[in-house]
Visitor: 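This is the structure I have questions about; it appears just below.
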Protein chains: 2
Amino acid sequence: MQMFFSKTCEYAIRAVIFVAQKSEGGRKVGIKEVAAGIDSPEHFIAKILQELSKRELIQSSKGPNGGFYVDSIARSNTLADIVRAIDGEKIFKGCGLGLKSCSETKPCPLHNDFKEIRTKMHRTLQSATIGEFNENLNLGLSYIKER
Amino acid sequence: MQMFFSKTCEYAIRAVIFVAQKSEGGRKVGIKEVAAGIDSPEHFIAKILQELSKRELIQSSKGPNGGFYVDSIARSNTLADIVRAIDGEKIFKGCGLGLKSCSETKPCPLHNDFKEIRTKMHRTLQSATIGEFNENLNLGLSYIKER
DNA sequence: ATATTAAAAGATATTAGGATCTTAATATAT
DNA sequence: ATATATTAAGATCCTAATATCTTTTAATAT
């Protein structure tokens, strides 16, 4: 594998964006719909949504007509909040060569290059709110599933 | 875990830089010395060095006074070559949200942001030759091990 | 011949990804 | 009120990938 985020985190981001889009009008979205909507294993995404719900990055209600949704407060959370909740701070803070002691005063050979990359990553995720992708998705200008 | 590269790849980069530095004067570096020099598990780094040697990113010789070294030709390989050999192209090409079908014409919501990050990553690694870190390491201006 | 060293292959351990099953909550019909 | 259907929450388990360790084999300088 190997990419910027764990698989769990990739699914989490896509799921939150999807639920935010679909629940914009007030309705709730079931697990099956989420799994189908973002091409993820149903039971795996269920577990991820649970965790996100516990951390109040999305909301849920049980029972008939229940499901997941993103309320107006949660809509202003950022993608950085999701990444932090699932993968932690490493992508924003960690050394590219895996050195725990890497720092400004004891830098690895790539310290400054990676600093730029991490900064760009942080800016991108921190400035992207959960709610801001709806329009482009609705217009078919961007996609969060394979087919 | 989760970072830009796999643990294997982090060790590989550090090991190659280390061997390049230590073998600059013509001598060869044993596995134990590499493991100690970059703080890696000895047997694990042995396997990684094997693979790098097979791909001619470093050189080796068996027997007494044998060991690993980087010849003048291999010294001009780049860190991007190491990353490609170990982790493949994904860090340079893959979608940040894990979508195989993500592309210019069917972009994920973060496609353009991630493109910038990947480009920066590629430029950094492609322009960094294996040999270029010796001086800073020798001067104690950068570090490749924990303590 | 012997000691030294990497190559090769395989075994084991750990972690992450994914599946299964049970429990709890709640809307709705009776 | 009660039963039932629907839905998420939670726990547990299985599987696959990754990381690490062990053992054996092959090369080579002396």
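Reminder, nothing fancy here: chain letters follow the sequence lines and each chain counts from 1.
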Visitor: Fit a plane to each ring of B/F114 and A/F5, take the angle between them on a 0 to 90° scale, and name the class: parallel (under 30°), tilted (30 to 60°) or perpendicular (over 60°).
Guide: perpendicular

Visitor: Quick one: is C/dG17 close enough that its OP1 or OP2 comes under 4.0 Å of any side-chain N or O from A/Y11?
Guide: no

Visitor: Given C/dA7, is OP1 or OP2 found less than 4.0 Å from the side-chain N or O atoms of B/S60?
Guide: yes

Visitor: What integer distance in Å separates A/K7:NZ from C/dA19:C1'?
Guide: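 To the nearest whole Å, that distance equals 17 Å.
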
Visitor: Salt bridge or not between B/E33 and B/K22? Use side-chain N to carboxylate O under 4.0 Å.
Guide: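 Looking at B/K22 together with B/E33, the answer is no, because their closest N to O distance does not fall below 4.0 Å.
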
Visitor: May I ask you to list the residues of residues 67-74 of chain B, by number, that have any heavy atom positioned under 4.0 Å from an atom of DNA chain C?
Guide: B/G67, B/F68

Visitor: Pick base, sugar-phosphate or nothing for A/V34, based on heavy-atom distances below 4.0 Å to the nucleic acid.
Guide: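 Result for A/V34 = nothing.
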
Visitor: Rounded to whole Å, please give me the gap between CE in B/M3 and C1' in D/dA19.
Guide: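 Rounded to the whole Å, the gap is 17 Å.
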
Visitor: Could you state the CD-P distance from B/E33 to C/dA6, rounded to the nearest angstrom?
Guide: 10 Å

Visitor: Can you tell me if B/E146 uses its side chain to pair, donor with acceptor, with the backbone of A/K100 under 3.5 Å?
Guide: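 Yes: the side chain of B/E146 pairs with the backbone of A/K100.
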
Visitor: Using 4.0 Å as the upper bound for N to carboxylate O, is an ion pair formed by B/K120 and B/E116?
Guide: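 Here B/E116 does not pair with B/K120 in a salt bridge, since their nearest N and O are not under 4.0 Å apart.
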
Visitor: Assess whether a salt bridge exists between B/E132 and B/R75, defined as any Lys/Arg side-chain N lying under 4.0 Å from an Asp/Glu carboxylate O.
Guide: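 No, this pair does not count.
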
Visitor: Quick check: on DNA chain C, is the nucleotide nearest A/S6 upstream (toward 5') of the one nearest A/S61, or the reverse? Name the residue that is more 5'.
Guide: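 Its nucleotide being nearer the 5' end, the pick is A/S6.
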
Visitor: Taking the minimum atom-to-atom distance to the side chain of A/S53, which one of C/dA6, D/dA9, C/dG17 wins?
Guide: D/dA9

Visitor: Atom NZ of A/K54 to atom P of D/dA9: distance rounded to whole Å?
Guide: 9 Å

Visitor: In whole Å, what is the span from the CD1 atom of A/I86 to the C1' atom of C/dA16?
Guide: 13 Å

Visitor: In this structure, how many angstroms lie between the P atom of D/dT20 and the CD atom of B/Q50, rounded?
Guide: 16 Å

Visitor: Record whether the side chain of A/K47 comes under 3.5 Å of the base of D/dG10 through a donor-acceptor pair of N or O atoms.
Guide: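 No, the side chain and the base share no sub-3.5 Å donor-acceptor pair.
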
Visitor: Report the residue (A/G30 or B/E42) whose heavy-atom-nearest nucleotide on DNA chain D is the more 5′ of the two.
Guide: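 It is A/G30, whose closest nucleotide lies nearer the 5' terminus.
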
Visitor: What nucleic acid atoms does A/L49 come within less than 4.0 Å of, heavy atoms only: base, sugar-phosphate, or nothing?
Guide: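 No contact.
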
Visitor: Between A/F133 and A/I45, is there shared hydrophobic-cluster membership here, with clusters defined by ILVMFWY side-chain heavy atoms closer than 4.5 Å?
Guide: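 Yes, it is one cluster - the side chains of A/F133 and A/I45 are joined through contacts under 4.5 Å.
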
Visitor: For the pair made of CZ in A/R55 and C1' in D/dA9, what is the distance, rounded to whole Å?
Guide: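 Value for this atom pair: 16 Å.
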
Visitor: With the 4.5 Å side-chain cut-off for hydrophobic clustering, are A/Y143 and A/I38 part of the same group?
Guide: no

Visitor: Distance-only, no hydrogens or angles: does the A/S23 side chain make a donor-acceptor pair with backbone N or O of A/V70 under 3.5 Å?
Guide: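 Yes, A/S23 side chain to A/V70 backbone: donor-acceptor pair under 3.5 Å.
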
Visitor: Could you tell me the separation between the NE2 atom of B/H43 and the C1' atom of C/dT5, rounded to a whole number of Å?
Guide: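 Answer to the nearest Å: 13 Å.
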
Visitor: Distances under 3.5 Å between protein N/O atoms and the N/O atoms of nucleotides 27-30 of chain C, please, pair by pair.
Guide:
residue	atom	partner	partner atom	Å
C/dT28	OP1	A/N65	ND2	3.4

Visitor: Do B/N134 and B/E24 have side-chain N/O donor and acceptor atoms under 3.5 Å apart?
Guide: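 On atom types as modelled, these side chains qualify, holding a pair under 3.5 Å.
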
Visitor: Looking only at atom types and distance, does a side-chain atom of A/R14 sit under 3.5 Å from a main-chain N or O of A/K145, one as donor and one as acceptor?
Guide: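 Looks like no, no N/O pair under 3.5 Å.
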
Visitor: Counting only Watson-Crick or G-U wobble pairs whose two distances fall under 3.5 Å, which nucleotide matches D/dC14?
Guide: C/dG17

